[in-house]
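For reference, the structure discussed in these notes is given below.
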Amino acid sequence: MTQTAPAPDQTVAQRYGDPVPTAPAAWNPVLQVLHEHRSVRRYLPDPIPDSVLRLLVSAAQSAPSSSNLQLWSVIAVRDPERKARLAALAGDQDHIRQAPVLLVWAADLARVRELAAERGTPLDGADYLETSYVAFLDAALAAQNAVVAAESLGYGTVYIGALRNHPEQVAAELHLPPGVFAVAGLVVGVPDPAEDARVKPRLPQAAVLHEETYDPAGQLAHIADYETRIVTFFAEQNLTRSWIDQTLARLASAESLNGRHRLREQLTAHGFPLR
Ligand SMILES: Cc1cc2nc3c(=O)[nH]c(=O)nc-3n(C[C@H](O)[C@H](O)[C@H](O)COP(=O)(O)O)c2cc1C
């Protein structure tokens, strides 16, 4: 982690796989960390100190929260056997076993339900899709703050959406009560430098930035431009991959969601009525 940081224009260009760097309007260490994000899938066994875990959680709790309801919780899993069981449930992803901690970010309606029960007040609003949406969004914002905090300290991370492949078993493993649902896992650890994880280019800004109103024009051209860049990016790592093929395959059918097409019924069965 002692490498010299590349110039800001190179860092932004790298984010897009753009051969023509343009100087950004401003630069600082926060922007550097954000632009250098890459998911890490190989870890050294070094532990994460408790003090660092607490710092990640305070960074997570520093995220905005809708109406300050704070409808989320996080479960820190360090026990190697429990991590291995969760890895098996999440598509057998070995980085979950390798890294010292798996943070499971959960939408949490149970805390406010307990409060309402204790006060004897109604909480019907918690049964609506809107509130579940808020809880999922809160959990995601918190998790992403933890990602940025971890990366700013030189740790690596990777989200584990595959925890939703088998939500019932994950809930049983983590003793999640009704109203608490694992939104995503987050592996955190010291990156194994042997992996050489690279910054993955994103769609051109023209594809995602709309001025004043949404303009669908030109999307296929933007995608074609991106495909060229990302195919080159993968080829530099001796990989033959297409974003277009991967994206269309990932969303082609219910089966291609790896079991997650049952999310609605799993949520309603686990205390999220989604009215
Ligand atoms: C909600 C979410 C779930 C994800 N789940 C997984 C996962 O289960 N396994 C994995 O290896 N990567 C997972 N990822 C990482 C993405 O594959 C990765 O962010 C994407 O390919 C872009 O690469 P980058 O993070 O290196 O820029 C997930 C990312 C997000 C945001």
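Computed from a prediction, not measured in an experiment: that's the story for all the values here. Counting convention: from 1, in listed order, for ligands and their atoms alike.
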Protein neighbours of ligand 1 with a heavy atom under 4.0 Å, given by chain and number, are His37, Arg38, Ser39, Arg41, Gln93, His95, Val158, Tyr159, Ile160, Gly161, Ala162, Lys200, Arg202
More than 12 heavy atoms from other groups under 6.0 Å of [atom1] on [X]:
{"X": "Glu114", "atom1": "CD", "answer": "no"}
{"X": "Leu220", "atom1": "CG", "answer": "no"}
{"X": "Arg250", "atom1": "CZ", "answer": "yes"}

So side chain to side chain donor-acceptor pair (under 3.5 Å) across residues 76-90, not counting sequence neighbours, yields Asp50-Arg78, Arg82-Glu173, Arg85-Glu173
Taking all non-hydrogen atoms of both residues into account, name the closest pair between Val20 and Asp18 and its distance.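 Looking at all heavy atoms of both residues, the closest pair is N-OD1, 2.9 Å.
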First locate atom NE2 of His261, then atom CD of Glu255, and finally report the distance between them rounded to the nearest 0.5 Å.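 Going from the NE2 atom of His261 to the CD atom of Glu255 covers 6.5 Å.
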